[in-house]
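Down below is the structure, laid out as structure tokens.
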Amino acid sequence: MTQQAWRELGDTLPADQFRATSDAIVANIEKVIEGKTATVRLALAVLLAEGHLLIEDVPGVGKTKLAKALARSLDCSVRRIQFTPDLLPSDVTGVSVYNQETRDFEFKPGAVFANLVVGDEINRASPKTQSALLECMEERQVTVDGVSYELQTPFMVIATQNPIEMEGTYPLPEAQRDRFTARIAMGYPDAGAELAMLDVHAGVDPLQELQPVSDAATVRRMIATVRDVHIADAVKQYAVDLVTATRESPELRLGASPRATLQLLRTARAVAALEGRDYVLPDDLQALAVPVLAHRVISTADAQLARRTTDAIISDLVHRLPLPHERQRSPYERPQSANGNGRSPYEPRRR
Amino acid sequence: MRTRRHLGFVAAAATLLAAAPLSAIFEQWTWLVQCVILVALIAGAAALARWWRVPVWAQVLSMLGALLFGLTWIFPSGAELLNLIPTSATIQHFGALVTGSAEDMRSHGVPVEDIDSLLFITALGVGGVAIVVDLLTVALRRPALAGLPMLAIYSVPVAVHVDSVSAVPFVVGAAGFLWLLAADNVDRVRRFGRRFTGDGRDVDVWEPSPLAAAGRRLAVVGVVVAVTVPLAVPGMTSGGLLSQLGPGGGGQGDGAGGGPGGSPGRVNLFAALSGELNRTDVRDMVKVTTDDPSPFYLRFAVADDMRRTGVATRVPNGAPVSRGMADPRGTGRVTEGITRHAYRADVEILSFNMPFLPVYSEPVSMSGVDNTWLYDETMQVVFSHRSTSQRRKYSFDYVRSDYTPQVLAAAPSLPPEHAMRQLYTRVDRVQEVDDLVARLVRGKRNDYDRVRAIFDYFSRDNGFSYSVSTEGGVSGQDIVNFLTNKVGFCQQYAAAMTWMVRAAGIPARVVFGFTNGTNRQENTYTLTNLNLHAWTEVYFTDIGWVPFDPTPAANIPGSARSRTAWAPDVDAPDPVTSAPAAEGGSQTDESAGPAEDNRPTRPVDENLEGVAGPVTPGGPTWPLWTVAGVLLLVLLLSLPALRRVLLRRRRHRRATAAAGAVAAAAADEAPPGVARVLPSDGELARARADAHAAWDEFIDTLVDFRIRVDPTETPRATAERLVAEGLTSGDAEEAVRLLGRAEERARYAREPLRQHAPLADALRVVRRALRGQADRRTRIVAATLPPSVLARWRSTVADVSAGLVGRIGRLRERLLRWSPRRVLAGRPGR
């Protein structure tokens, strides 16, 4: 098996070529998923940000279809894992089998050895099996019997899960959720898109007719392009502020991790590149805050009782956090109690 | 119960503190001793009653009983049992004291000596207030209401003193009241339960609390404002803190008993005069020995500031007497008809406590007084800012002048612009007086005739009579009343004549002094309080101040009116004979000493210029001050707008400079096919700064037009919001987006936006669009008081003050480390 080294990405793509490729991929996916341009672009952005995608929504809105459409649009290896309660970790990672002919143990690669891994209904597998993904998602390698096997580039796990159904499911552990770069919800299509869908999907599944418009090598070059996107200090500061705000928010029991900061910026780079910019804006971070951060944080019991979803909490934080000003302090800022414990700095502690 | 008793004692102490203003009434401190005894008795009785837990009415009874015993003990009638148990005779005695106090209040001016009746009424009043305060504070738990009886005490000196009362007793009284309030609140907190801190520690000692500190600060600010605000209001400062601090303030503590000493400008001469004349007892005040066979009045003070509200004394101004005085004979020209003779007089002050020394007019040299005594040549008074006249002995040489009516009649009128005339004819217009004066002086050709017409008007023929028992006020309305009733005494005659002479346009002033009295032994006159007198002096050109005494001579012991040829007694039985006799006398005098007839004009005028120099321009300068004030106000108000304009201009200059640079750069890279020249770092930095300047200006414009500015919005989002809200339209939409894009690139991209339309133009377009959509009020505010500038200043001030507060807090924390209270607070709780 030819192992593609993770760091060998190739040259950056010129802007117009990048744009043409990305537009082609998005248009290809949209043949299958109508009226969800933003979601599709976000999925593509996660791919270019070298992240993993968690699609979470009620059944029947096209989660799996999006994952498969993305996989089919790229001419690269795709493996699909249907997570079931009796799935074993070795089914995911691979197993060493004794070969009678060579009289030796031979490694049979599991499902993760592909550029795109579509994990369907990931929360139906037991935690044991879910945990098999931990190493490969973060470190892009698989260790079996003391031997580490490196994964290919691009490598992306697209998992779907159903948040409504709780029967016979195992919620993803925090460590696992933190490894997904973004969680997106499909949402119902609007009336027009649904009507169009009835025509398109009536006879034949358009997924079958989907042709790849790009290949792994191009994607690698696109990733290299994304890595080259400029992030100003102010934007970095803003990302840190944003993540810090989740850690200090009184409504959140667990804030976002440093990995979240990193992935937020990476995704922002990808989004900026997809929009044809070579620099990241705070607008990108604001748009990405909910998809990238909301599934990693845990709200407090009070916030849960108040029916405050983490999406709403993160969205509020974004709307209240002032932009960092690289020059002097803006005179129009409201005084912010951002000194760690949410108290006013002048409130005496003793009383 | 312990705390309640404690509160009772605080109430007693607060009452005593509130009684501090009474010190302005009494010369001695006897009253305070008596009040302390009484209040202590009352507080003790109340504490005892509460210890026995008797009902409120019994507490009141016990306090009233204590008051009665205390009064009986301090003011015994001699008929008490064991000197303590009051009998009916005691009550009668008290009644007599109260009646007497009413009389004494009328007959004595402040400050009074220790008179039993007044001390009694004071002690009674303070004791009553102590009872009421105790009742309100401890029994009814309404200490705030206790301020009312305390205020009643304070109102006494305010009502009695014609001048305003000094601020110090007020501060003392206020401090007492605040103490009472604070003590009550601490008591309330204690009743509520034990104070407890969050960390489970009992609080049994003082601990800093921000709320209490705020209360204390508010109290101090309140007192300070109450003291300082009257100083800022013109016309209320006469006796306020400023004059206390001023050089004139020292007089009060200098004299043995205070007395009407004090600054020469602050003595209410009219009140002092009527007070002395109204006294029933006669006391010798001054003993004067002179070699003058017929001296005119001894004079000591001048009142020359006539207003509708009364006549006041200007603060005199002069050089020490030891430096010598101007001799009226010493200057040049001779005037026919004026006789001058030099005499010498020795004065011994027996009981006369003023910051002035009585002298005959016009003194030329003095001995026996120190350097603190000054001589005002315009007023011709000897005064001191630091000493009083009590028990002084001195002697002086003086020149007495006699005038013939002819020479006075020959004196020309002063031109209206003359400083002397402007200063000494200033008087508020009262219609009745003006009508009367116009009627009297009609057809009179010269000043002297006019003065004589007014002077002669105060005669028995016109129904004028003398009585000391009138009110004696000298305000404008009082003058009118006097001219209607035609009953009064010297000060009303003098004030009325001065007022009328001034109304006729002739300089005049009221003079205070002594008549020659009735007690004459050889050349020694012993003058009593009944000889105090007031008369008028009129200024004649080239001659000087000439005295006129309009008071009916028959009622004035020792009146010298019959001796003045120029101002004869109009009520005298035979004025026709007396006038020629006087004239004849002066004729001979004149022939006897022609060399001494000199004109006093020069020194008087010169001196006047020196005195009146700063005063005379004071009149017409007020419009200047008003204009200056208005200008200053306008300037201050226009400061924000000015700042805004300057800021905009600076940013505009940046933006246009940037556009120029960009245009130049565009011209450079005009030839196609040529590789694009990479811009230098400096160029990039400049483009970036220009975008920032344009954006700052844009944000300020938004603030000015009251459009929401959200610090959480990115430039792009702000621009899109403005477009979405329809705040900009047409080309303004494009301009707003351009501004947003430029700022966004400048902030976040590798390279700022170059190659674009000038930002200054975009700004102008946006500004015009925003102005077009704002309402009129917003436009006016944006032009005159730009909210952006104000907000920035406000935030700067807030930052600075927050920093200051933080620093002070840290300093305080550091200092508190050594506070003994903290050491106490750290000990284990009980």
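Labels below follow one simple rule: chain letters A, B, ... track the order of the sequence lines, proteins then strands, and each chain is numbered from 1.
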Open item on the list: As an exercise, state the distance from NE2 of H319(A) to CG of D710(B), rounded to the nearest 0.5 Å.
Closed with: 8.5 Å
Open item on the list: Can you give me the closest heavy-atom contact between T714(B) and L323(A), atom names plus distance?
Closed with: CA-CD1, 3.4 Å
Open item on the list: Taking ring-ring contact (aromatic ring centres under 6.0 Å, His included) as the definition, give me every residue that meets it alongside H295(A), ordered by chain and number, with sequence neighbours left out.
Closed with: none
Open item on the list: At a heavy-atom distance under 4.5 Å, which candidate from R794(B), R716(B), R750(B) has the highest pair count against chain A?
Closed with: R750(B)
N/O donor-acceptor pairs under 3.5 Å from side chains in residues 266-280 of chain A, not counting sequence neighbours:
| residue | atom | partner | partner atom | Å |
| --- | --- | --- | --- | --- |
| T267(A) | OG1 | Q263(A) | O | 2.4 |
| R269(A) | NE | V229(A) | O | 3.0 |
| E275(A) | OE1 | R277(A) | NH2 | 2.7 |
| R277(A) | NH1 | Y279(A) | O | 3.0 |
| R277(A) | NH1 | D284(A) | OD2 | 2.9 |
| R277(A) | NH2 | D284(A) | OD1 | 2.8 |
| R277(A) | NH2 | D284(A) | OD2 | 3.4 |

Task: Distance-minimising heavy-atom pair for A232(A) and R747(B) - done: CB-O, 3.7 Å
Task: Greater than 12 external heavy atoms within 6.0 Å of E734(B)'s CD - done: no
